[in-house]
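Comments concern the structure below.
Not measured: the values here are computed from a predicted model. Both counts, for ligands and for their atoms, begin at 1 and track the order of listing.
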Amino acid sequence: MDLAKLTMMELRGVLRKGKATSVDVVEAIRDAVAERDPRVGGYIGLDFETALAEARTADAKLPMGGIPVAIKDLINVNGQPCSCGSRMLAGTYRSPYDATVIRKLREAGAIPLGRTNMDEFAMGSSTENSGIQLTRNPWDLDRSPGGSSGGAAAVVAADMALASLGSDTGGSIRQPASFCGVVGLKPTYGRVSRYGVVAFASSLDQIGPITKTVEDAALLLGVIAGEDPKDSTTLRAPVPDYVKGLGADLKGMRVGLPKEYFIGGTAPGVRAAVDAGIRKLEELGAELVEVSLPHTEPAVAVYYILATAEASANLARFDGVRYGHRAENVNDLAEHYRKSRSEGFGAEVKRRIILGTYVLSSGYHDQYYTRAQQVRTLIRRDFEEVFAKVDIIASPASPTTAFRIGELANDPLHMYLADVFTIAANLGGICGLSIPCGFSESMPVGMQLLGPALGEGAILKAAHAYEKATEWHKQRPNP
Ligand code: GLN
């Protein structure tokens with residue numbers, strides 16, 4: 001039995017029966033990484049010694065006892081480097097504390113193992129903006145794993161991790177999950193604490209699970225969710241037992257199909273796989289309802305105004321004084337800032353800081369930032385109106401399968417437009433997931449299910465019923 005290939009639920013059974021130990025699991029991951037990561041490049045840091053020490057004292061009776069989880073490189077794990085995929089922080093920063101999600105993982109018995117590659121500061125959709133290395137899609141090494149949580153999705157798809165934690169500001173969990181053929185869930189804004197997570201756009205960021213099955217996503221979400229006194233934006237709402245809530249039957253569930261998400265622009269192979277997925281939901285008892293999200297078209301523009309505005313403020317702290325790379329041979333403070341930031345940040349991060357500073361500058365603030373906030377309210381209302389009529393929404397997760405490496409790297413606008421199906425959920429503060437629903441030209445396709453605020457139970461239930469009735473999630477790449 002190859003322990004790295006199991007799901008978390010399967011592994012939990014194995015560990016509880018004493019058929020293997022947590023040390024065996026960490027060693028299995030070490031072997032899998034040695035064999036496959038030289039080609040995939042999903043990890044940018046791995047500390048097996050610490051993980052083995054933690055594995056030796058693991059308690060299999062806990063909900064995730066002895067199970068290693070890979071961590072996107074923007075979540076602080078005490079004593080480990082945290083570079084956000086940036087040369088700004090690589091080699092200079094080590095976390096002095098655990099993020100709340102890491103504390104919760106530890107309390108559930110899990111072991112944080114490995115730092116996964118990402119677009120620098122989570123800005124991107126292909127992981128090509130990483131300042132550290134390239135990550136390749138395990139299904140086709142000439143393609144991108146998606147982004148920005150590309151490493152986190154690739155290591156799960158390639159059985160180099162049982163599960164991982166990613167972050168999603170505009171699709172960065174769902175899109176790489178769809179590109180790599182795994183499950184990725186973005187929780188409702190405020191469902192999961194952001195304490196100890198390096199901020200990109202604070203009103204949009206959420207941490208969530210990337211897993212091999214829906215049941216595993218339910219398990220991991222239940223562990224990390226909940227109110228946190230250290231993050232005032234977390235919601236004061238009890239955390240249900242998401243695993244217990246999974247049932248097989250979708251009778252009576254109303255699934256909305258937003259007409260704006262099905263009007264062309266989506267690759268035919270993606271469309272065909274998602275259409276078949278939606279028919280399957282209907283076979284399982286769901287009722288399909290056409291709905292409208294009229295403010296879909298401006299969503300990409302609104303996102304790239306608000307996200308860059310927030311990023312320009314959040315990234316001000318990386319100045320080589322408090323945090324980050326410090327330039328040498330400077331004559332004065334202004335030169336110190338200029339040189340340190342010029343050398344530390346990559347091109348996309350600079351582009352976003354410049355854009356964000358521009359939309360906030362006096363004279364333009366009302367025209368861009370304030371207007372974008374107003375349209376954001378309309379987008380939020382669109383969802384409220386639709387969720388008064390339906391339980392969940394179904395759509396593609398991305399208009400295409402994984403891009404070829406280099407295909408869009410020098411075409412930022414085109415890359416931004418590819419976020420069209422995922423970003424509205426962040427602007428609306430609602431939850432969403434991507435689940436494997438087929439292949440197009442041998443590359444995985446993801447179906448996105450969106451739910452209302454705190455509707456994680458409903459989208460997990462629908463996704464689980466779908467997964468039980470299909471075989472897509474059992475397909476594994478062979479990188
Ligand atoms: N692709 C989007 C961006 O580049 C989303 C990134 C994310 O969710 N972190 O901003």
**Message:** Under a 3.5 Å distance rule, please check whether N76 uses its side chain to pair with a backbone N or O of Y97 as donor and acceptor.
**Reply:** no
**Request:** Identify the heavy atoms of T135 and N117 that sit nearest to each other, and give their distance.
**Result:** OG1-ND2, 2.9 Å
Under 3.5 Å: N or O atoms of ligand 1 paired with protein N or O:
{"from": "ligand 1", "atom 1": "1 (N)", "to": "G124", "atom 2": "O", "distance (Å)": "3.0"}
{"from": "ligand 1", "atom 1": "1 (N)", "to": "S125", "atom 2": "OG", "distance (Å)": "2.7"}
{"from": "ligand 1", "atom 1": "1 (N)", "to": "D419", "atom 2": "OD1", "distance (Å)": "3.4"}
{"from": "ligand 1", "atom 1": "1 (N)", "to": "D419", "atom 2": "OD2", "distance (Å)": "2.9"}
{"from": "ligand 1", "atom 1": "4 (O)", "to": "G124", "atom 2": "N", "distance (Å)": "2.9"}
{"from": "ligand 1", "atom 1": "4 (O)", "to": "Y304", "atom 2": "OH", "distance (Å)": "3.2"}
{"from": "ligand 1", "atom 1": "4 (O)", "to": "R352", "atom 2": "NH1", "distance (Å)": "3.4"}
{"from": "ligand 1", "atom 1": "4 (O)", "to": "R352", "atom 2": "NH2", "distance (Å)": "2.8"}
{"from": "ligand 1", "atom 1": "8 (O)", "to": "T169", "atom 2": "N", "distance (Å)": "2.8"}
{"from": "ligand 1", "atom 1": "8 (O)", "to": "G170", "atom 2": "N", "distance (Å)": "2.6"}
{"from": "ligand 1", "atom 1": "8 (O)", "to": "G171", "atom 2": "N", "distance (Å)": "3.3"}
{"from": "ligand 1", "atom 1": "8 (O)", "to": "S172", "atom 2": "N", "distance (Å)": "3.0"}
{"from": "ligand 1", "atom 1": "8 (O)", "to": "S172", "atom 2": "OG", "distance (Å)": "2.6"}
{"from": "ligand 1", "atom 1": "9 (N)", "to": "A122", "atom 2": "O", "distance (Å)": "2.9"}
{"from": "ligand 1", "atom 1": "9 (N)", "to": "S148", "atom 2": "OG", "distance (Å)": "3.4"}
{"from": "ligand 1", "atom 1": "9 (N)", "to": "S172", "atom 2": "OG", "distance (Å)": "2.7"}
{"from": "ligand 1", "atom 1": "10 (O)", "to": "Y303", "atom 2": "OH", "distance (Å)": "2.7"}
{"from": "ligand 1", "atom 1": "10 (O)", "to": "R352", "atom 2": "NH1", "distance (Å)": "2.9"}

**Asked** Out of E343, K339, R341, which one pairs with H325 under the side-chain hydrogen bond (donor to acceptor under 3.5 Å, both in side chains) rule?
**Response** E343
**Close aromatic pair by centroid cut-off 6.0 Å: F179 and F403** = yes
**Message:** For Y364 and Y369, I'd like to know if the aromatic rings sit close, meaning centre-to-centre distance below 6.0 Å.
**Reply:** no
**Message:** Closer than 4.0 angstrom, basic N to acidic O: yes or no for R371 and D366?
**Reply:** no
